[in-house]
Student: 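Mind having a look at this structure? Questions to follow.
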Amino acid sequence: QTQLGPSEGRTDVGTTLHPGSASYDPAAKTLALSAAGENMWLSGDAFHFVWKKISGDVALNADIAFIGQGVNEHRKAVVMLRQSLDADSPYADVALHGSGLTSLQYRDAKGALTHEIQANISAPARIRIEKRGRYAYMWLASKGQSFQMAGGSVRVPLQGTFYVGIGLCSHEKDVVEKAVF
């Protein structure tokens, strides 16, 4: 483990006006992120990403708490699978928005538009993304409860080695938001 916990690296993906940061608390086993970024949507993303390279099947879950009131209700904290660190990379994530909206978002080809499947549960305490074969699944849980699959699955074209990690986007290019994972 490093100063990023079990992660290997961190970077701002896309164009961000304020550099993101991450700090690991080994006693609490938490990562605190701060990030700007206009959005994670359409054909390009702008956010801070803490990652590890991996291949094969994987599951990543996190308890998430936004810090502060927030400026935009669409700020996003995510658990993510991503082919590359390019802004227009294919990816799938489970996104918890500041408003409580939770969705499985995905881009199925480089440069393609983002799509989403919205969960019928608002503001879960815990989110999880799981990759099995060529599919990504969204799992959600209330505080103290077990994960339940929510919203189906999507086919994601991840090839060979890809990135898995957590990310944060303020949804306002001039604003820095914070969250603890």
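This structure is a prediction, so every number in the text was calculated from the model and none was measured.
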Student: Under 4.5 Å between any side-chain heavy atoms of Thr16 and His48, yes or no?
Tutor: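 No. Closest side-chain heavy atoms not under 4.5 Å.
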Student: Is there a side-chain contact between Leu33 and Phe181 (heavy atoms, below 4.5 Å)?
Tutor: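 Heavy-atom side-chain distance check passes, below 4.5 Å.
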Student: According to the interplanar angle, ranging from 0 to 90°, do the rings of Tyr106 and His115 count as parallel (below 30°), tilted (30 to 60°) or perpendicular (above 60°)?
Tutor: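 Aromatic pair Tyr106/His115 classed tilted.
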Student: How many angstroms lie between atom OG of Ser153 and atom CD1 of Ile117, to the nearest 0.5 angstrom?
Tutor: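 Going from the OG atom of Ser153 to the CD1 atom of Ile117 covers 7.0 Å.
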Student: Is any NZ, NE, NH1 or NH2 atom of the basic residue among Lys52 and Glu8 found under 4.0 Å from an Asp or Glu carboxylate oxygen of the other?
Tutor: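 No, no charged N to carboxylate O under 4.0 Å.
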Student: Between Tyr91 and Arg82, is there a cation-pi geometry (under 6.0 Å to ring centre, at most 45° from the normal)?
Tutor: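 Cation-pi check for Arg82 and Tyr91: passes.
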Student: Report the C-alpha distance between Lys110 and Asp88 in whole Å, list the side-chain angles of each, state the deciding distance to 0.1 Å, and finish with yes or no for salt bridge (Lys or Arg N to Asp or Glu O under 4.0 Å).
Tutor: CA-CA 6 Å; Lys110 186 170 177 59; Asp88 64 349; 2.6 Å; yes
Student: Taking atom NZ of Lys29 as the centre, report whether more than 12 heavy atoms of other residues, nucleotides or ligands fall under 6.0 Å from it.
Tutor: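 No, not enclosed.
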Student: Of all the heavy-atom pairs spanning Phe147 and Asn61, show the shortest one and how long it is.
Tutor: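 Looking at all heavy atoms of both residues, the shortest contact is CZ-CB, 3.5 Å.
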Student: Do you know which two heavy atoms are closest between Leu96 and Pro124, and how far apart they sit?
Tutor: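 Looking at all heavy atoms of both residues, the shortest contact is CD1-CD, 3.9 Å.
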Student: Would you say the side chains of Asn39 and Lys76 form a donor-acceptor pair under 3.5 Å?
Tutor: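 Present: a donor and an acceptor within the cut-off.
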Student: Would you check if there is a donor-acceptor pair between the side chains of Arg107 and Thr114 at a distance under 3.5 Å?
Tutor: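 Indeed, the side chains of Thr114 and Arg107 share at least one donor-acceptor pair under 3.5 Å.
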Student: Would you indicate whether Arg134, at its atom CZ, is surrounded by more than 12 heavy atoms from other residues, nucleotides or ligands within a distance under 6.0 Å?
Tutor: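 For Arg134, atom CZ is not crowded (no more than 12 foreign heavy atoms under 6.0 Å).
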Student: Measure the shortest side-chain to side-chain distance between Met80 and Phe49 over non-hydrogen atoms and say whether it is less than 4.5 angstrom.
Tutor: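 Yes, side chains in contact.
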Student: Side chains of Ser99 and Glu73: do they bring a donor and an acceptor to under 3.5 Å?
Tutor: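 No.
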Student: Contact between Val94 and Trp139 at the side-chain level, heavy atoms closer than 4.5 Å - yes or no?
Tutor: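 With C-beta onward as the side chain, the pair stays apart.
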Student: Can you tell me how far apart OG (Ser170) and NZ (Lys178) are? Round to the nearest 0.5 Å.
Tutor: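 Taking OG in Ser170 and NZ in Lys178, the distance rounds to 12.5 Å.
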Student: Assess the side chains of Thr161 and Ser55: does a donor N or O sit below 3.5 Å from an acceptor N or O?
Tutor: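 Side chains of Thr161 and Ser55: no pair found under 3.5 Å.
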Student: Both conditions, 6.0 Å and 45 degrees, for the charged tip of Arg132 above the ring of Tyr137: are they met here?
Tutor: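 That pair qualifies as a cation-pi contact.
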Student: If you take the centroid of each ring, where Trp contributes its six-membered ring, are Tyr163 and Trp51 closer together than 6.0 Å?
Tutor: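 When the ring centroids of Trp51 and Tyr163 are compared, they turn out to be within the sub-6.0 Å range.
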Student: Is Asp93 close to Leu81 at the side-chain level, that is, under 4.5 Å between some pair of heavy atoms?
Tutor: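 SC-SC contact between Leu81 and Asp93 ruled out.
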Student: Tell me the closest heavy-atom pair linking Asp108 and Pro157, and the distance in Å.
Tutor: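 Taking every non-hydrogen atom into account, O-CG, 3.0 Å.
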Student: Check whether any side-chain heavy atom of Val180 sits under 4.5 Å from a side-chain heavy atom of Leu31, and report yes or no.
Tutor: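 With C-beta onward as the side chain, the pair stays apart.
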Student: Are Val78 and Ile166 close enough, and set up right, to give a side chain to side chain contact (heavy atoms under 4.5 Å, CB included), and what steps lead you there?
Tutor: CA-CA 6 Å; Val78 302; Ile166 60 174; over 6 Å; no
